[in-house]
Amino acid sequence: MQTRKKYIFLTFLASWLLLFFFGGDQLRRFAFFSGRKVEARRSWPRWTDRTLLRSFADPEELQRDGDPALLSPRERRAAWLSVYKTSRCRMETCFDFSRCERHGFKVFTYPQERGQPVSETYSKILSSIERSRYHTPNPEEACLFILSIDTLDRDHLSAQYVRNVDEKIRGFPLWNGGRNHLIFNLYSGTWPGYTGELGFDIGQAILAKASFDTQSFRPGFDISIPLFSKDHPQRGGDRGWLYQDSVPPKKKYLLVFKGKRYLTGIGSGTRNALHHIHNGKDIISLTTCKHGKDWEKHKDTRCDKDNVDYERFDYQELLHNSTFCIVPRGRRLGSFRFLEALQAACIPVLLSDGWELPFSEAIDWGKAAVVGSERLLLQIPSAVRCIHPERVLAFQQQTQFLWDAYFSSVDKIVHTTLEIIKDRLSPPRSRSRLLWNALPGGLLVLPDFSTHLGDFPFYYLQHGYSPSKKFTALIRVVSQAGSLSQPILRLIQAVSGSQYCAQIVVLWSCEKPPPPSGKWPQSAVPLTIIQGRRKLSDRFFPFEAIQTDAVLSLDEDTSLSTSEVDFAFSVWRSFPERIVGFPTQSHFWDPEQGRWGYTSKWTNELSIVLTAAAFYHRYYHSLFTEYLPAGLRELVDGLAACEDILMNVLVAAVTKLPPIKVTQRKQHKEGVAQPAECGDGAAGTPRPGQRSPPAPHSAPAKAKGTAGSRPFSRRQDCLNQLADWFGYMPLLSSQLRLDPVLYKDQVSVLRKKYPSLEKP
Amino acid sequence: IMCASAKYNARGPALIPRMKTKHRIYYITLFSIVLLGLIATGMFQFWPHSIESSNDWTVEKRSIHDVPVVKLPADSPIPERGDLSCRMHTCFDVYRCGFNPKNKIKVYIYSLKKFVDEYGTLVSNTISREYNELLTAISDSEFYTDDVSRACLFVPSIDVLNQNTLRIKETAQALAQLSRWDRGTNHLLFNMLPGGPPDYNTALDVPRDRALLAGGGFSTWTYRQGYDVSIPVYSPLSGEVDLPERGPGPRRYFILSSQMALHPEYRLELEALQAENGESVLILDKCTNLSDGVPADRKRCYKNQVFDYPQVLQESTFCVVLRGARLGQAVLSDVLQAGCVPVIIADSYILPFSEVLDWKRASVVIPEEKMPEMYSILQSIPQRQIEEMQRQARWFWEAYFRSMKAIALATLQIINDRIYPYAAISYEEWNDPPAVKWSSVSNPLFLPLIPPQSQGFTAVVLTYDRVESLFRVITEVSKVPSLSKLLVVWNNQNKNPPEDSLWPKIRVPLKVVRTAENKLSNRFFPYDEIETEAVLAIDDDIIMLTSDELQFGYEVWREFPDRLVGYPGRLHLWDHEMNKWKYESEWTNEVSMVLTGAAFYHKYFNYLYTYKMPGDIKNWVDAHMNCEDIAMNFLVANVTGKSVIKVTPRKKFKCPECTAIDGLSLDQTHMVERSECINKFASVFGTMPLKVVEHRADPVLYKDDFPEKLKSFPNIGSL
């Protein structure tokens, strides 16, 4: 056996050698070897006289590009106004910026007229606008107007089609040719052409429309929105379905589609071809002929078999178990399945030529979807197979980020639309593409705060910045004592002792004027006193005085040592986007009451860090004051109980991460003696003792913040109201506490950097 | 079809068949003979001819005067005007581009001809210096093909960079007679100065039917988004003047205007700004009394002061770029080169390469009507951001403006990315300057997800032959509630693992994989058997960790799934005397690494360790049989930019009293070796990615005076 193999091989080798000695030259002349390679590769010639070539324009022409015969700039702009109207609208020709100057970006919604039917979806859109911080009830102040007439469904065969819109609009005194109006639309046109026809003249209004095609889209003016169903939640919204990051993606299918096959009419070209890529293994592409009443009239030979196959798979199951999902055009360019795939982390493979993708002005879809070409359907399987698994993972994560940031609720879709328009009003104060496409997303990044990435807590790692090395201590004082109390003196002493402390800011929230500067203790760092307005939410006002990235928020009766402050700050620098603090509390779902419960007892978990002693980024002051609607702050001030819960909820909603607890010595509040409340108490904080964890010697059951005591139940109410406003419970629990590396270890105290944290 | 992407070794090292030695030698000999034969054949086939054909491969050396002349009959066809509704899916023939593994389009350049009309008069200048440079760049690029039948994109050699230098009708006729013109489908024209008096159209007036236009000066009304490409107006000064990059920071002037022939209305507005804000605003104009021989384009004047242009641009923080008769201005290129932040005042202008470049990071766009507010708008920009914009401006010039080559390649890349969107260059690659690319990290696990607890973790035990100890580890680890599978990596090729019946009976599946070679990297292989995200790497002698300790470690990992979560921590220090890194295992107040003798991490890092470890680190570790844990710490820190998380007080894996047994000298060699590893890895990574922190994670109620039975993790071990 072995010998035979050897002989075969030797013969083979010998013939090879023969060929190589005698046949080589002939072989070379075979077409196999000749052909293109022997021919010259003709590249662009290196002209011998290329240095003598003249430039395309002489310097004079390039540097003096003026023509006195031309219209003056002002005349030109005036001329534009009359030329670039309707289908050629741009912001500079069809939008009146002067309306937005005095009162900023304010949005007015027309009052509902009686007897005017409004679809469920449109009323959700209207209420999203009313919930927005830009809403104004006063048309005088408004920069942008939104009709109360339901313009979502402009398919005149539809039951929700509103007639005589033109006539109604002309009756509105504010209409003004549509200037500064925003019109929402989900469906336009009808069988068979499904054109962009709306059935009324929008004039110079901005159109926010689903299934926008690139040709009728007015760039920089219109906004493409996604198609969403009438069940789309008003706020909050379901989270995405990606629970696991795996490489390579552990999904059963590579690519799936399940949907109708149009036998005739617009869009049928693409849908008719989809079955070609079905391989029954990792690519499932199923179509059914059953739709419309008369499908059997047009049915072809495939239909019966396809209809049977179609029933064998479940759409939801395919969505959950596939890496890529084909999102072809339907009759219109956009479809529900786009958002469905996005939520399911099934990377959309778009086959919808000429579709202006949703929010394309802001969103970089190349990071979350494969934009295919209808004409190249058959290349799709190999193209997606070749996408590197790491990139697949990045795509999947990006779908989840985008879903959660811009699409998961009607609120988010509408607010994104508004923010895009607002960004156009002042280009230098607008979000760069980077801010829109990186966590936590454009809605949570306020360009009015800063346009510099390093000023936000979110981009340190991506851009190689680091948070500032100093912090500002912000002490809120409510007590009424004529002179400064012992605790606050000690607190100032301890905080100013920290090498990282840049300054101390005292927020004086008391009717009485603060003691004169001579009464304040001398400290190594500057001390500023700000007169507060005696509202709880005031403590999170973005004070000019705070210039460092980190804020250490304190109550006047908080007791901290310098070591505690130093250690907590070193931890915060590792987690600048979170709240890092000392005393904590936690929330839980109470199934009996069917509501959120809240506890200040000692627990194995934590989800709220009290802002009586916590580090966080100063940007959260701006978010708290400017991003949250005034109603929520009023709620907090009204209940006089839960500004810290709101702050925790806000930060958790932004970061999707729990806060961090650090080591504290046993007690963080001074004694039980409570300083006298200043003023009538309505605006005061709840008593510290009720908010802090009980002293170690008292059993948990005897905690002072037990159910029944007023502030406690108010805080619980507040938590539930916040969850309701956000549409979900943003708080997340953590099971850990960060201690110094050698904390309570049996090693010499001399080795330890923070020995004082261990003292009882 | 072959993919360019990586292939997976689906089963891992365990299943590589081992041949019998005799056969192996036989096959190897045969194989080498065949290989030698092949090489010899190849040499014979190509050696002599490669000398012959080297002439064919060099490029032609001809004079432009020798270019063939083509006469255009007066009645030769003229293309339709440009179609404003054209988009890639309507006017572009994608079938010409095809699917190819490299995802590169092929670009053909027509050969150069001189076009004359019936009377023999030239239709245009044959070719300008810049257009020749552009075509040379395309020809030298990967996109180029000389095979017209394989081309996806056609570039005419007819130079239309400047509309003023050509005759419109005849140029159009010249385009129409190109061999593959076909209504201009897939043809790309480059134009920088469009329009002309009296109306100065913002796009090239030459009728061009469906051809794509790379134009410098589009307005939003002529630009076909997603079809045309907006390009810069090249400034020949880029090549002539060398402006060294100036560090970002405050400059002498705040706002500078250097353009000549500004419209008087603009000039008045600028002068009003100057009157209001004094010397920080400098408005230059042409010089009226220059001595002969001084080129007017290299000087600017303010009153009697003469300034060198473009050097003066480096003296200002912001430089105004106003529209002239056209929207696109060459001064933009000069301004960017000087690292001055352009203030662009040209309503409706489509900025160069705006499809991919994020101009908000490098410029300030101000509507013409807001010119009077320019000063206050610019003043509200934080200084740190200005510095970044200065850097960004310079980077845009270096990457996309500095030469015709840069402009040509960026244009082709943009078109390429439209045709192969799934292989497109990312926003970061287009926009981040090298300094940012270098100092930043892009965490591959960037989405904040807290993995569900129910998933559990897979324990991977690397073992050689310590069966008894291994069994104890298995028994201990199996007590951890969240363990979902146990994987034993049997690294001993000379000995079979114990029979099935001998293994401890545990409640979760236990799998044994055998490896082909005794390598440390086998511990970090992404075995298919690992189905959970969380991996617990554990040595076969780690028996001191309590079940609570391990379960708590897993819970901590869930909160930090993109980090290494381990028990004993270690530190790297800079040794000032030796001028190099030092490994520290003393019980310090800081940690920067955790030992992987027992550590939780995401399975993704196994994949990175196996396939993406930089340099030769992986082989080096296998060869030295040491430091695989340090390598893993480097890898994770480098890709995430985050520190490790040390959990619980645990400082050592061996029992404290055992230290005496380890000889002191042994301990020292160990330290020296580990220090070497750190220095080696730091040099391969080109940076020190490890992050030092002062904290460790303990259970919330750890050591608190609280009933132990109410604590979730009462049994946390000690040192």
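As a basis for the values below, the full set of heavy atoms in this structure was taken, side chains included, without hydrogen atoms, waters or symmetry mates. Letters go in sequence order (proteins before strands), and every chain restarts at 1.
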query: Just by distance, with hydrogens left out, do B/T220 and A/R90 show a side-chain donor and acceptor under 3.5 Å apart?
result: yes

query: Which region of B/L701, side chain (C-beta onward) or backbone (N, CA, C, O), has a non-hydrogen atom less than 4.5 Å from a non-hydrogen atom of chain A, or is it both or neither?
result: both

field: Portion of B/D698 that has a non-hydrogen atom of chain A nearer than 4.5 angstrom
entry: both

- prompt: Quick one: do A/R76 and B/E368 make a salt bridge, cutoff under 4.0 Å?
  reply: yes

field: Lys/Arg N to Asp/Glu carboxylate O, A/K250 vs B/E533, below 4.0 Å
entry: no

- request: Could you tell me which portion of B/A435 (side chain, backbone, both or neither) has an atom closer than 4.5 angstrom to a non-hydrogen atom of chain A?
  value: neither

- line: Comparing A/P658, A/G240, A/S430, A/A438 against chain B, the one with the most heavy-atom pairs below 4.5 Å turns out to be A/S430

field: Among the listed options A/E605, A/R88, A/Q396, A/R77, the residue most often paired with chain B at heavy-atom distances under 4.5 Å
entry: A/R77

field: Contact class of A/S733 relative to chain B, heavy atoms under 4.5 angstrom
entry: backbone

field: Donor-acceptor contact present, side-chain A/D49 to main-chain B/I64, <3.5 Å
entry: yes

query: Taking the side chain as C-beta and beyond, is there a heavy-atom pair between A/Y754 and B/N589 under 4.5 Å?
result: no

Proximity breakdown for B/K691 and chain A, heavy-atom pairs closer than 4.5 Å: neither

- line: So, the part of B/L262 with a heavy atom under 4.5 Å from chain A: the answer is neither

- prompt: Quick one: what part of A/S734 sits under 4.5 Å from any heavy atom of chain B, side chain, backbone, both or neither?
  reply: both

- prompt: For B/L112, is it the side chain, the backbone, both or neither that has a heavy atom under 4.5 Å from a heavy atom of chain A?
  reply: both

query: Does the distance from a Lys or Arg side-chain N to an Asp or Glu carboxylate O, for A/D739 and B/K646, drop under 4.0 Å?
result: no

task: Check for a donor-acceptor pair, side chain of A/N604 on one end and backbone N or O of B/S712 on the other, with a separation under 3.5 Å.
output: yes

- prompt: So, does B/E265 use its side chain to make a donor-acceptor pair with the main chain of A/S72 at under 3.5 Å?
  reply: no

task: Could you tell me which portion of A/T663 (side chain, backbone, both or neither) has an atom closer than 4.5 angstrom to a non-hydrogen atom of chain B?
output: neither

task: Using non-hydrogen atoms and a 4.5 Å limit, figure out which bit of A/R431 sits close to chain B: side chain, backbone, both or neither.
output: backbone

- request: Measure B/E559 against the heavy atoms of chain A and call it side chain, backbone, both or neither at under 4.5 Å.
  value: both

task: State plainly whether the residues A/E390 and B/K612 are in salt-bridge range, i.e. N to O under 4.0 Å.
output: yes

- request: Check each atom of A/R573 against the heavy atoms of chain B and say whether the ones under 4.5 Å are side chain, backbone, both or neither.
  value: neither

Residue pair B/S348 / A/E92, side-chain donor-acceptor N/O under 3.5 Å: no

message: Need one label for B/R298: side chain, backbone, both or neither, based on atoms under 4.5 Å from any heavy atom in chain A.
response: neither

- prompt: Which bit of B/H602 comes within less than 4.5 Å of chain A, counting heavy atoms only: side chain, backbone, both or neither?
  reply: side chain

query: Given a strict heavy-atom distance threshold of 4.5 Å, which part of B/E694 is in contact with chain A: side chain, backbone, both, or neither?
result: both

task: Side-chain contact test, heavy atoms from C-beta onward, threshold under 4.5 Å: evaluate it for A/Q462 versus B/F446 and give yes or no.
output: no

- request: Anything under 30° is parallel, anything over 60° is perpendicular, the rest tilted; go ahead and classify A/W80 against B/W221.
  value: perpendicular

Note: A/D745-B/R696 ion pair, threshold 4.0 Å (strictly below): yes

message: Is there a side-chain contact between B/R384 and A/D455 in this structure, where contact means two heavy atoms from C-beta onward sitting under 4.5 Å apart?
response: yes

task: Answer yes when A/R737 and B/D704 have at least one side-chain N-carboxylate O distance shorter than 4.0 Å, and no when they do not.
output: yes

field: Donor on one side chain, acceptor on other, A/Q63 and B/Y309, under 3.5 Å
entry: no

field: Pair B/D358 + A/R433, salt bridge at N-O below 4.0 Å
entry: no

message: Checking side-chain polar atoms at under 3.5 Å, does B/Q455 have a donor or acceptor matched by the opposite partner on A/Y243?
response: no

query: Considering only heavy atoms, which portion of A/F395 lies under 4.5 Å from any heavy atom of chain B: side chain, backbone, both, or neither?
result: neither

- prompt: Under a 4.5 Å heavy-atom cut-off, does chain A meet the side chain of B/K711, its backbone, both or neither?
  reply: both

message: If we define contacts as heavy-atom pairs under 4.5 Å, which of A/S246, A/G354, A/P427, A/G220 has the most with chain B?
response: A/G354

Minimum side-chain heavy-atom gap B/P367-A/F97 below 4.5 Å: no

field: Heavy-atom pairs under 4.5 Å with chain B, option from A/P73, A/G464, A/P440 with the top count
entry: A/P73

message: Treating B/Y95 as the side-chain partner and A/R375 as the backbone partner, does any N or O pair qualify as donor plus acceptor under 3.5 Å?
response: yes

field: Contact check, side chains of A/V384 and B/Y422, non-hydrogen atoms, under 4.5 Å
entry: no

task: Give, as side chain, backbone, both or neither, the part of B/S442 having an atom under 4.5 angstrom from any heavy atom of chain A.
output: neither

- prompt: Heavy atoms, side chains only, cut-off 4.5 Å: are A/L70 and B/Y200 in contact?
  reply: yes

- request: May I ask you to check whether over 12 heavy atoms, not counting those of B/E369, lie within 6.0 Å of atom CD?
  value: no

Contacting region of B/L135 [heavy-atom separation from chain A under 4.5 Å]: both

query: Between A/Q379, A/Q244, A/K656, A/H463, which shows the greatest number of heavy-atom pairs under 4.5 Å with chain B?
result: A/Q244

query: What residue in B/K603, B/E590, B/R361 has the most heavy-atom pairs under 4.5 Å with chain A?
result: B/R361

Greatest number of heavy atom pairs closer than 4.5 Å to chain A - which of B/T136, B/D159, B/I109, B/V365: B/T136

query: For residues B/S426 and A/K367, is any side-chain donor paired with an opposing acceptor at under 3.5 Å?
result: no

- line: B/T588 meets the side chain to side chain donor-acceptor pair (under 3.5 Å) criterion, sequence neighbours left out, with none

Proximity breakdown for A/L393 and chain B, heavy-atom pairs closer than 4.5 Å: side chain

query: Which answer fits A/L439, side chain, backbone, both or neither, if we ask what part of it has an atom under 4.5 Å from a heavy atom of chain B?
result: side chain

- prompt: A/L376 versus chain B, heavy atoms under 4.5 Å apart: side chain, backbone, both or neither?
  reply: side chain

query: Is there side-chain contact between B/Y144 and A/S43, with heavy atoms separated by less than 4.5 Å?
result: yes

Which portion of B/Y702 sits near chain A, non-hydrogen atoms under 4.5 angstrom: both

message: Restricting to side-chain contact (heavy atoms from CB on, under 4.5 Å), what partner residues turn up for B/S380, sequence neighbours left out?
response: A/R429

- request: Count the heavy-atom pairs under 4.5 Å between each of B/V364, B/V331, B/L193 and chain A, then report the option with the highest count.
  value: B/L193

query: Is there side-chain contact between A/T214 and B/Q225, with heavy atoms separated by less than 4.5 Å?
result: no

